[in-house]
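One structure below.
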Amino acid sequence: MEVVNTALNVDLRDVRHSFGRTEVLHHIDMTASTGVTGLLGPNGAGKTTLLRILATVLKPKAGTVSLLGKDARNRHDLREIRRDIGYLPQQFGYYPNFTVFEFVEYFALLKEMDPGMVRPAVVQAIERVGLQSQARTKMKTLSGGMVRRVGIAQAIVNEPALLLLDEPTVGLDPEQRVLFRGLLRDMADHSTVFVSTHLVEDVATACNHVVVMGDGRIVYRGTPDELMTAGNETTDAAGDSAMERGYSAALASGRAVAS
Amino acid sequence: MENHEKHLDQDLNIDLDHVWQGIRGEIWGKPLSPMERITRKLVGSAAIARVMMTSPLMYLAWITASVMAIALGLMLTVTSGQPLVPLMAPLLAIAGVTYAYGPGADSAWELSRTMPVSASMLLPIRVAFIFTVSTVFTCIGTFFSATATDITMLWLLPMVALSLLAIAIGRLTNGSALGGVVSGLIWFGIVLEPLRDQLQRPLSQIDMGVAVSGAAIRSLTPIYLLVSVASIAVMMFWRESDLSRKGRLWKW
């Protein structure tokens with residue numbers, strides 16, 4: 001996979017966040033340009049919090065967040081940034097009485113797309129996730145996997161420059177997962193994509209970069225091949241595949257450094 | 001046939017895929033209602049027009065609740081004369097609607113918070129629209145009962161005016177929740193001001209009816225109308241400044 005654009009679409013400097021007294025992100029420094037970055041980590045590692053900061057849902061307690069070359073703290077810039085973001089939350093909520101088309105169209109309008117371009121874009125997004133035959137179906141009648149695909153459709157409808165997907169493959173069947181990875185590879189040509197996942201095979205097949213998080217810190221960053229190589233070189237880490245062993249080893253070394 | 005289409009595509013420089021997607025979009029989506037077309041022109045935003053048009057659709061319960069509240073208000077006014085319903089209704093409505101459209105119950109709240117059209121702007125827009133719809137219902141009710149006119153004055157007119165004010169402040173502050181808080185405080189002020197002379201008395205002896213009597217509210221009707229008009233003007237001004245910032249001409 002060739003990365004064609006080297007502009008820094010994400011630039012986080014010393015980002016910290018806490019909920020009450022519990023610090024959930026510690027001194028995160030991260031940059032990303034065009035391509036797909038897989039966020040791996042156990043539950044509670046801080047992946048969702050990091051994605052929510054990137055999605056401008058959360059303001060970090062400290063540090064600077066620059067997205068798409070703009071300062072996320074500046075109100076005018078924030079509006080510009082949000083026009084170019086696609087986000088699929090972990091807890092994807094929807095309006096059950098909307099049809100698939102109405103739901104994607106609703107968020108396309110909220111993203112301030114040109115009204116004349118909205119309907120063709122909605123059709124394209126729905127087709128890209130393979131839901132064309134459900135376009136006029138009410139959301140409440142869809143299966144969990146289909147709802148997830150609607151979530152992906154609303155995220156990509158504006159061809160975002162920054163696409164943030166929190167566990168997008170949950171509930172997808174194997175065929176849909178393969179289609180989804182193809183979609184990610186397409187998006188990687190012109191977007192900066194972050195995918196949070198527990199599935200190392202998603203990372204192995206669709207990501208250019210891997211970031212492993214543990215206890216609110218980035219404990220590893222590299223490419224899927226490098227993580228796999230690290231796994232091959234490790235004999236005592238848990239995991240069935242080289243990448244799983246690499247992931248376990250990265251987490252273990254991160255914990256050792258933190259303690 | 002396919003080759004023929006490709007030739008046409010190349011000769012005329014037309015993106016046929018895009019054309020077909022547009023046609024499918026028209027088939028899959030609902031046709032734009034005349035009401036939504038008018039709203040788009042009035043507010044100058046397709047997004048806000050859609051939010052306004054879909055709010056009652058999403059929360060039909062709120063229309064039902066408004067009708068129920070009007071019916072209950074009518075009944076209490078006629079039977080007991082107690083002012084508690086008109087006194088508390090606006091605040092209960094603000095709290096209820098805030099819950100319904102806020103993180104408590106809006107299932108897509110998190111997603112809405114990442115939109116350029118601020119989620120906290122959507123709330124007062126929906127509130128104002130729903131109460132405007134309720135006002136229309138109540139006005140229809142006035143044809144059947146003179147008491148309904150009082151209910152309109154005591155509750156719905158102040159509510160619509162204060163909702164518009166909340167939107168105006170929200171627009172000026174670019175989506176802050178400040179508008180809702182200010183509107184709530186103003187309602188408290190309106191309620192408490194006529195009770196100023198009675199505040200030294202024990203609570204049980206305070207005649208709250210003075211605060212929300214038909215006469216008291218009627219005396220404020222011009223102010224409510226003025227606030228409504230001024231708020232709409234502020235909203236228009238806000239749009240103008242926003243457009244001019246982008247170097248575009250103001251158009252109505």
Side-chain angles (χ1 to χ4, degrees), chain A residues 52 54-58 75-76 78-127 132 134-136 139 151 154-155 158 160 164 166, chain B residues 15-32 36-37 39-41 44-61 101 103-119 121-122 125 173-176 241-242 245-246:
Chain A
R52 294 181 80 206
L54 292 174
T56 72
V57 174
L58 282 181
R75 266 186 194 164
H76 182 67
L78 185 62
R79 192 166 177 169
E80 298 282 320
I81 291 167
R82 284 176 168 173
R83 285 196 188 111
D84 253 342
I85 282 183
Y87 175 50
L88 173 69
Q90 190 179 43
Q91 304 287 333
F92 172 60
Y94 59 92
Y95 303 125
N97 285 322
F98 276 34
T99 66
V100 170
F101 188 90
E102 285 166 355
F103 187 81
V104 180
E105 187 185 33
Y106 179 78
F107 281 100
L109 288 168
L110 286 193
K111 289 179 184 188
E112 295 187 328
M113 290 178 68
D114 176 355
M117 300 301 293
V118 163
R119 289 201 160 178
V122 172
V123 169
Q124 191 181 32
I126 289 172
E127 287 176 345
Q132 50 271 39
Q134 280 81 27
R136 300 170 80 174
M139 297 273 292
Q154 67 75 29
N158 56 331
L164 308 158
D166 201 347
Chain B
D15 183 352
L16 283 179
D17 284 344
H18 186 76
V19 172
W20 282 117
Q21 278 163 357
I23 292 169
R24 282 199 290 280
E26 293 307 315
I27 295 168
W28 291 353
K30 279 183 189 161
L32 218 55
E36 187 166 340
R37 281 181 210 278
T39 312
R40 273 189 184 195
K41 284 191 177 169
S45 161
I48 291 174
R50 177 59 56 91
V51 169
M52 288 168 76
M53 288 300 115
T54 52
S55 293
L57 186 79
M58 282 192 285
Y59 300 104
L60 190 63
Y101 293 120
D106 185 345
S107 44
W109 175 254
E110 170 123 345
L111 208 49
S112 302
R113 288 171 71 192
T114 65
M115 299 293 140
V117 178
S118 153
M121 272 296 299
L122 301 181
I125 289 169
T173 54
N174 203 12
S176 123
S241 60
D242 192 52
R245 190 171 55 199
K246 293 173 192 162

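Below, chain A is the first sequence line, B the second, and so on; all start at residue 1. Reckoned from all heavy atoms, side chains included, excluding hydrogens, waters and symmetry mates.
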Sidechain-backbone polar pair: A/Arg82 side chain, B/Arg113 backbone, donor-acceptor under 3.5 Å:
yes
Nearest 0.5 Å please: distance from the CG atom of B/Leu111 over to the OH atom of A/Tyr106.
10.0 Å
B/Thr114 OG1 to A/Leu54 CG distance, which is reported to the nearest 0.5 Å
12.0 Å
Top contributor to chain B interface from A/Ala155, A/Pro120, A/Gly151 [non-hydrogen pairs under 4.5 Å]:
A/Pro120
Pair B/Glu110, A/Arg52 - check side chain to side chain contact (heavy atoms under 4.5 Å, CB included), show working.
CA-CA 9 Å; B/Glu110 170 123 345; A/Arg52 294 181 80 206; 2.9 Å; yes
Checking B/Ile23 against chain A: side chain, backbone, both or neither under 4.5 Å from a heavy atom?
neither
Please name the pair of heavy atoms, one in A/Glu112 and one in B/Pro116, separated by the smallest distance, quoted to 0.1 Å.
OE1-CB, 3.6 Å
Which atom pair, heavy atoms only, marks the closest approach of B/Gly25 to A/Phe101?
O-CZ, 3.5 Å
Note: vs chain A, highest number of non-hydrogen pairs under 4.5 angstrom among B/Arg24, B/Gln21, B/Arg40, B/Glu26 is B/Gln21
Taking it one step at a time, do A/Ile126 and B/Trp28 satisfy side chain to side chain contact (heavy atoms under 4.5 Å, CB included)?
CA-CA 11 Å; A/Ile126 289 172; B/Trp28 291 353; 4.2 Å; yes
Taking side chain as everything from C-beta outward and backbone as N, CA, C, O, which of these in [X] sits under 4.5 Å from a heavy atom of chain B? Side chain, backbone, both or neither.
X        : answer
A/Tyr94  : backbone
A/Val57  : both
A/Met113 : neither

Under the side chain to side chain contact (heavy atoms under 4.5 Å, CB included) rule, what do B/Arg50 and A/Glu105 come out as? Steps first, then yes or no, please.
CA-CA 10 Å; B/Arg50 177 59 56 91; A/Glu105 187 185 33; 3.0 Å; yes
Heavy-atom check, side chain of B/Ser112 versus side chain of A/Phe107, under 4.5 Å
yes
CD/A/Gln91: more than 12 non-hydrogen atoms of other groups inside 6.0 Å:
no
